[in-house]
Protein chains: 2
Amino acid sequence: MAQLKLQPETAVQTEIYAKFFHGLSNPTRLRIVEILLDGEKNVSQLVEATGATQSQVSNQLACLKWCGYVTSRQEGKYVLYRISDERVRTILQLAKAIVADNAEHIRCCTRM
Amino acid sequence: MAQLKLQPETAVQTEIYAKFFHGLSNPTRLRIVEILLDGEKNVSQLVEATGATQSQVSNQLACLKWCGYVTSRQEGKYVLYRISDERVRTILQLAKAIVADNAEHIRCCTRM
DNA sequence: TCTTTATATCATAATACCTTAATATATTGA
DNA sequence: TCAATATATTAAGGTATTATGATATAAAGA
């Protein structure tokens, strides 16, 4: 007899988690997160620090904000961004620890 | 005077970490990882459990293998896959905890 | 050996993502 | 109000990723 298929609920959950990880799957976004882990920054500072264009940074910040990684507040003509959940720091540390043992593998990955 | 740009080294590092997270950024791949956290499985079992096609599962397994998430061993006509680093479990738990506080936000994210 | 089952690979088409450039909005100070 | 600066949004094109279907390889048993 066929095994019960996964509840739709589970599929939705998995998609949310996948989206969450997608947030950290782009070098520019990840770099922004790393920089913000060092403290609140405005957009211009992030543009300077990442070397990406202003458009890119604003767009990726919007993505990070949507996904709950960062929050922002206006201060004068600047918009200051900061990490909204300190646990993100732990996730990154853990990832780095794992990658340390697999860096060569991952770097060479050309499949996708 | 302009601030020093990031060392190329750092950019490479960030790209590796981004690639690492990319591994978990696809629903099928993430589901496979979740299932394998429950124990070693062969490809057919993963096809059954995920509802994805055999081609999809094999391809995503190849990706996960390249990136060091899983390893495999042949046993007769089956190929058994398992998680290669238990710390992946911790990353997932952490992500789920964070998402629990931001699920609605992330689900609605249509930007990318 | 032939057939069946299990898994992997490949080509192609569809989709999603990212970059770039242009433009819009909002704040500040003249 | 006008100009300058900071940030956000949008459209278009290029690139990367994914899904699909077809085919290849490899092991097991008849």
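Lettering follows sequence order; numbering is per chain, from 1. Remember, it's a predicted structure, so these values are computed and weren't measured experimentally.
Between B:Asn26 and D:dT17 there is no side-chain polar atom (N or O) within less than 4.0 angstrom of OP1 or OP2. Of the side-chain N and O atoms in B:Arg29, none sit less than 4.0 angstrom from OP1 or OP2 of D:dT17. For the OP1/OP2 pair of C:dT19 and a distance below 4.0 Å, the side-chain nitrogens and oxygens of A:Thr53 include no atom meeting the criterion. Remark: B:Tyr81 is not in phosphate contact with C:dA6, judged by side-chain N or O atoms under 4.0 Å from OP1 or OP2. OP1 or OP2 of D:dA19 lies within a sub-4.0 Å distance of a side-chain N or O belonging to B:Gln60.
Distance, B:Lys65 NZ to C:dT7 P: 13 Å, rounded to whole Å. In this structure, A:Leu61 atom CG and D:dA8 atom P are separated by 7 Å, rounded to whole Å. When the P atom of C:dT5 is taken as reference, atom CG of B:Asn42 falls 15 Å away, rounded to whole Å. Put simply, CD on B:Glu48 is 16 Å from P on C:dT5, counting in whole angstrom units. Atom P of nucleotide C:dA8 and atom OH of B:Tyr78 are separated by 14 Å, given to the nearest angstrom. As rounded to whole Å, 18 Å separates atom P of D:dT5 from atom CD of A:Gln74. Summarising the geometry, the separation between CZ on B:Arg73 and C1' on D:dA27 is reported as 16 Å, rounded to the nearest angstrom. Remark: C1' of D:dA8 and CH2 of A:Trp66 are 14 Å apart, rounded to the nearest angstrom.
Contact annotation for B:Ser55: base contact, defined as any heavy-atom pair under 4.0 Å involving a base atom. Residue A:Gln54 is classed as a base contact, given a heavy-atom separation below 4.0 Å to a base.
No side-chain donor-acceptor contact under 3.5 Å links B:Arg31 to the backbone of B:Ala49. With hydrogens and angles disregarded, a donor-acceptor distance shorter than 3.5 Å links the side chain of B:Ser84 to the backbone of B:Tyr69. For the pair B:Tyr17 (side chain) and A:Pro27 (backbone), a donor-acceptor distance under 3.5 Å is absent.
Residue A:Lys77 places its side chain closer to D:dA6 than to any other of D:dT20, D:dA19, D:dA6. Of all nucleotides listed (D:dT7, D:dT18, C:dA8), C:dA8 comes nearest to the side chain of B:Ser58. In the set C:dA8, C:dA6, D:dT17, the nucleotide with an atom closest to the side chain of B:Val43 is C:dA8. Here D:dT20 is the nucleotide among C:dT7, D:dT20, D:dA28 with the atom lying nearest to any side-chain atom of B:Gln56. Comparing C:dC17, C:dT27, C:dT20 by their closest approach to the side chain of A:Asn59 singles out C:dT20. Nearest to the side chain of B:Thr28, among C:dA6, D:dT17, D:dA19, sits D:dA19. Nearest to the side chain of A:Val79, among C:dT27, D:dT18, D:dA8, sits D:dA8.
In this structure, the side chains of A:Lys96 and B:Gln13 stay at 4.5 Å or more apart for every pair of heavy atoms. Taking the side chain as every heavy atom from C-beta outward, B:Thr90 and B:Leu94 never approach each other to under 4.5 Å. Residues B:Asn59 and B:Thr28 form no side-chain contact, since every pair of their non-hydrogen atoms from C-beta on lies 4.5 Å or further apart.
Place B:Gln45 and A:Gly76 on DNA chain C by their nearest nucleotides, and B:Gln45 ends up nearer the 5' end.
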